[in-house]
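Written out below as structure tokens is the structure these notes cover.
Throughout, numbering of the chain's residues begins at 1 and tracks the sequence.
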Amino acid sequence: MNFTSDIKKEIISRGIGAKRGGLAEKKAGLSAFVRTCGTMGFKDGVPTFFLVSETENVTEFFINLFLETFGFELYISSATMDRMSGRDKLLLQCPAANSETVLKELGLLKRTGGFKEGISSKLVSDDEKKIAYLRGAFLGGGSCTLPSEEGKTGYHLEIVFPEREVAMDFCDILTDFELIAKLVERKETYVVYIKSKELISDFLAVIGAESCLKKFSAFVEKRDEANRKNRARNCISGNADKAAIASVNQVMAIRKLAEHENWKELSDDLKTLARERLKNPSMSLQELADYLGVSKSCLNHRMRKLMETAKELND
């Protein structure tokens, strides 16, 4: 399954700022989307931006969100095929007459005219706005892979940013929800990532992806149970191997002892144990103890005595 796609579909279905009076949340989500998959610059001295998206439903969602927030639509200026992913890349642009106003409203433009380097504190001034920002950022630059996907061996959630300052501020937002993430530079981008399955679960809970959280929890439990069974099988196998090696060593020691004159000095109990071990080399110590009608601790004591006596022959 493509878990990233599942998370994005659920975020879209739940919306951003869907509640009445959610304009500020919409702006936070849109700002995060611009930060993760947008490029800002100046054209003829006017600040402007464009967005690049590879996912059709995400593109449609943000076109509608812009319309709800600002009263106009972004338009698709071009579509090209990405050779690596095989998917279309859609280039979204903002009408030139509206771009400066939009950038200011999204907390991306300074009053002096330059672009802000980090995330505007006003934009994420409360938990609802922060959650909206997390949702928008995941839709724009997020992914989550599970151990069974694409040969992956571990859990991994990440969100990619083109700017370090934004990525660092994003980590601070996560910390506000007790989500501890790491930051690494990768090919001129900055990746905020989480590998703990517990923290990934908490992230899904924070952004309100309840269906994906249930699916994730079920996946983790099933995989953990399989791992427990595998460890148990390995343990049993390991113990069986150790028991087999111990049995071989016991048989060899007893045979050596039987050929030595010290054999006559052994007690009847030790001789009986020695004979039965030679007859039943594959029996476990517990099975051998049950067969002889003694406790396992008693049999262990006798076996140690036999082994010590055999070892003395080499000393």
Is any side-chain heavy atom of [X] closer than 4.5 Å to a side-chain heavy atom of [Y]?
X: R223; Y: K197; answer: no
X: F62; Y: L51; answer: no
X: V52; Y: F50; answer: yes
X: I119; Y: F161; answer: no
X: L108; Y: S31; answer: yes

Only one of [options] passes side-chain contact (heavy atoms from CB on, under 4.5 Å) with [X]; say which it is.
X: F170; options: I159, L183, V124, T36; answer: I159
X: F49; options: T39, L103, L92; answer: L103
X: K116; options: E163, K110, E165; answer: K110

* Ring centre gap for F66 and Y75 strictly below 6.0 Å ->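 Not close enough - the centres of the two rings lie 6.0 Å or further apart.
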* Asked: Between F216 and Y155, does the ring centre distance come in under 6.0 Å?
  ->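 Aromatic pair counts; centres sit under 6.0 Å.
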For [X], I'd like to know if atom [atom1] has over 12 heavy atoms of other residues, nucleotides or ligands within 6.0 Å.
X: K271; atom1: NZ; answer: yes
X: M168; atom1: CE; answer: no
X: E178; atom1: CD; answer: no
X: Q286; atom1: CD; answer: yes

* **Parallel, tilted or perpendicular, as decided by the 30° and 60° cut-offs, for the rings of Y193 and H156** =>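 If you compare the ring of H156 with that of Y193, the planes turn out parallel.
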* **side-chain contact (heavy atoms from CB on, under 4.5 Å) between M40 and R35, intermediate numbers included** => CA-CA 9 Å; M40 297 181 289; R35 286 293 198 185; 3.7 Å; yes
* Salt-bridged, K215 to E10, with N to O below 4.0 Å? ->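 So K215 does not pair with E10 through a salt bridge.
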* Note: K214-E210 ion pair, threshold 4.0 Å (strictly below) ->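 Salt bridge absent between K214 and E210.
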* **Minimum heavy-atom distance A137-A32, with the two atoms named** =>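 For A137 versus A32, the nearest heavy atoms are N-CB, 3.4 Å.
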* If you look at every heavy atom in G107 and S120, which pair is closest and at what distance? ->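 Taking every non-hydrogen atom into account, O-CB, 3.8 Å.
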* Shared hydrophobic cluster, I16 / L213 (ILVMFWY, side-chain heavy atoms < 4.5 Å) ->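 Shared cluster, yes.
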* **Within one Ile-Leu-Val-Met-Phe-Trp-Tyr cluster: V192 and V160, side-chain cutoff 4.5 Å** =>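 No.
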* Please lay out, stage by stage, how L146 and V220 fare under the test side-chain contact (heavy atoms from CB on, under 4.5 Å). => CA-CA 9 Å; L146 306 180; V220 170; over 6 Å; no
Donor-acceptor contact below 3.5 Å, side chain [X] vs main chain [Y]:
X: K130; Y: I173; result: no
X: T4; Y: S143; result: no
X: T55; Y: V58; result: no
X: D169; Y: G118; result: no

* Stepwise side-chain contact (heavy atoms from CB on, under 4.5 Å) check, M303 with R277 -> CA-CA 10 Å; M303 186 62 75; R277 170 48 90 198; 4.1 Å; yes
* **Option from E105, E128, E68 for which salt bridge (charged side-chain N to carboxylate O under 4.0 Å, His left out) with K27 holds** =>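 Result for salt bridge (charged side-chain N to carboxylate O under 4.0 Å, His left out) with K27: E105.
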* **Check against side-chain contact (heavy atoms from CB on, under 4.5 Å), F203 and I7** => CA-CA 11 Å; F203 178 87; I7 298 172; 5.7 Å; no
